[in-house]
2 protein chains.
Amino acid sequence: MTADGRTPPAPGPRKRADARRNRERLLAAARETFAEEGPDASLNEIARRAGVGPGTLYRHFPTRQALQSAVLADRIARLRAQADDLTATASPHEALTTWLHAFLAHARGDHGLTGSLLTAPLDPGFDCHAAIREAAENVLSRAQHAGTARPDVSADDLIRLTVGIALSTGQGDADPARPDRLLALVLDAVRTPPGLKHTPDPT
Amino acid sequence: MTADGRTPPAPGPRKRADARRNRERLLAAARETFAEEGPDASLNEIARRAGVGPGTLYRHFPTRQALQSAVLADRIARLRAQADDLTATASPHEALTTWLHAFLAHARGDHGLTGSLLTAPLDPGFDCHAAIREAAENVLSRAQHAGTARPDVSADDLIRLTVGIALSTGQGDADPARPDRLLALVLDAVRTPPGLKHTPDPT
DNA sequence: ACCTGAACACCGTTCAAGT
DNA sequence: ACCTGAACACCGTTCAAGT
């Protein structure tokens with residue numbers, strides 16, 4: 001990954017015009033199809049919708065994960081930007097809370113795309129895991145320095161807990177408020193100094 | 001489901017001998033194959049390993065979930081029994097903690113079988129979701145009555161949080177202690193009275 | 001009453017052949 | 001340099017035909 005975490009090779013205009021057009025068509029078709037059928041949608045179907053042969057899809061995106069990453073890239077960039085904004089405008093604790101809830105909504109809103117991508121082994125192309133971790137580290141370390149988040153929790157921990165909530169609360173739940181409630185519970189623990197109530201005597 | 005949560009129709013010896021034998025062979029093959037290749041393993045492959053035609057598999061287990069449930073049934077029964085044991089032998093808080101860690105280990109140990117089953121919509125056959133919930137309610141309500149678990153959390157909440165941790169911490173993690181650490185964090189929150197540190201003055 | 005296994009429509013992936 | 005699309009091995013699922 002590049003030092004600043006942006007999309008590495010910057011798919012500049014150095015390619016043939018038809019190649020660029022096909023890439024764009026494939027991305028649009030993938031966005032549509034993943035949204036409708038989830039992260040396991042048929043790749044042949046995506047190629048078909050893009051008006052392109054299967055081989056062309058594989059040439060542009062050698063693996064299903066590569067295609068999924070590309071589809072998510074801009075949404076993840078937005079999450080990163082939001083973390084920066086919150087750092088500038090909200091209190092440390094508010095920023096942490098708000099950003100994690102936004103991330104949860106994001107992970108729940110894409111039929112499991114983010115979840116499946118963050119669960120699987122990393123993709124060397126666009127490393128969306130790293131980008132999200134930087135955003136999480138941004139808001140978390142600020143809260144830790146302010147003393148409103150316990151120091152023994154990592155950005156990765158928070159991401160995994162949140163993704164876990166997103167994955168385990170399917171959209172068919174009787175209680176639509178459950179995901180946010182569970183995240184709030186987790187955040188309670190993050191705010192609490194570890195071992196506070198286990199050792200009432202500090203001596 | 002039956003009132004006591006046992007496997008409902010009790011697949012008694014009322015069937016033809018070859019049918020029973022095939023059922024057993026299919027279950028064994030499924031156990032093997034799911035363990036090796038995860039919950040999405042090929043059903044044809046399972047039938048092949050059982051030395052049986054695909055149609056026979058479908059006759060015994062009309063859906064993939066039905067087969068998965070049958071494979072897990074006895075392991076889930078053991079988890080229920082363990083909850084009963086803990087209730088009799090350990091303190092309320094210890095019982096809750098120990099059982100949830102056991103459940104987490106179980107959910108992490110089967111290549112995601114439990115996770116995929118608890119995430120998907122319920123199966124009317126053997127309802128493993130209900131069985132697990134009863135076990136969780138067993139240990140949770142006892143802790144709540146003893147005052148060591150906050151009352152605004154439900155057995156379903158705990159199950160979802162734990163399954164979420166199991167799903168989001170793949171086995172390829174750099175930190176093998178992470179799952180148990182995250183569960184301990186969650187249990188901290190469950191023990192803490194809600195809003196304790198938000199309102200330092202009880203008046 | 002249960003089992004068999006061929007058959008169908010589909011999938012992921014590759015690769016010669018084209019331009 | 002890139003695209004096409006036929007081809008291969010496989011999958012889930014069904015269903016006539018058997019015993």
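So that the names make sense, note that chain A is the first sequence line, chain B the second, and so on, each numbered from 1.
Residue-level contact check: B/Arg48 touches the backbone only, with heavy atoms under 4.0 Å from sugar-phosphate atoms and none from bases.
Under the side-chain hydrogen bond (donor to acceptor under 3.5 Å, both in side chains) test applied with B/Thr114, the options B/Gln68, B/His106, B/Arg108, B/Arg75 reduce to a single match, B/His106.
Distance B/Arg49 CZ to D/dC11 P: 11 Å, rounded to the nearest Å. As a whole-Å value, the separation of A/Phe61 CZ from D/dC2 P is 14 Å. When rounded to the nearest whole Å, the span between CZ of B/Arg25 and C1' of C/dC3 equals 13 Å. Across the protein-nucleic acid pair, B/Arg59 atom CZ and C/dA1 atom P stand 10 Å apart, rounded to whole Å. D/dA6 atom P lies 17 Å from atom CG of A/Leu57, rounded to whole Å. Here the P atom of nucleotide C/dC11 and the CD1 atom of A/Ile46 are 11 Å apart, to the nearest Å.
No salt bridge links A/Glu137 with A/Arg133; every basic N to acidic carboxylate O contact stays at or beyond 4.0 Å. With respect to B/Asp175 and A/Arg160, no salt bridge is recorded, no charged nitrogen being found less than 4.0 Å from a carboxylate O.
A stem is defined here as three or more consecutive Watson-Crick or G-U pairs, each with both distances under 3.5 Å; for DNA chain C these stems are C:4-8 with D:12-16, C:12-16 with D:4-8.
Under the rule for a side chain to side chain donor-acceptor pair (under 3.5 Å), A/Asp40 has no partner lying at least two apart in sequence or in another chain. Listed by chain and number, the residues in a side-chain contact (heavy atoms from CB on, under 4.5 Å) with A/Ala135 are A/Arg80, A/Ala83, A/Trp99 (sequence neighbours excluded). Residues passing the side-chain contact (heavy atoms from CB on, under 4.5 Å) test with A/Arg25, sequence neighbours excluded: A/Arg21, A/Asn22, A/Ala50.
The CG atom of B/Leu67 sits 6.5 Å away from the CG atom of B/Leu43 when rounded to the nearest 0.5 Å.
For the pair A/Leu96 and A/Leu158, the minimum side-chain heavy-atom distance is below 4.5 Å.
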Problem set entry | Summary of protein contacts for nucleotides 12-19 of chain D, nucleotide by nucleotide, where a base hit scores B, a sugar-phosphate-only hit scores S (4.0 Å, heavy atoms) | BBBB----

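The salt bridge (Lys or Arg N to Asp or Glu O under 4.0 Å) pairs that include a residue from residues 89-100 of chain A number zero, where partners must be two or more places apart or lie in different chains.
Contact check, A/His60 against D/dC3: a side-chain N or O comes under 4.0 Å of OP1 or OP2. Regarding contacts with the backbone of D/dC2, every side-chain N or O of A/Asn22 stays at 4.0 angstrom or more from both OP1 and OP2.
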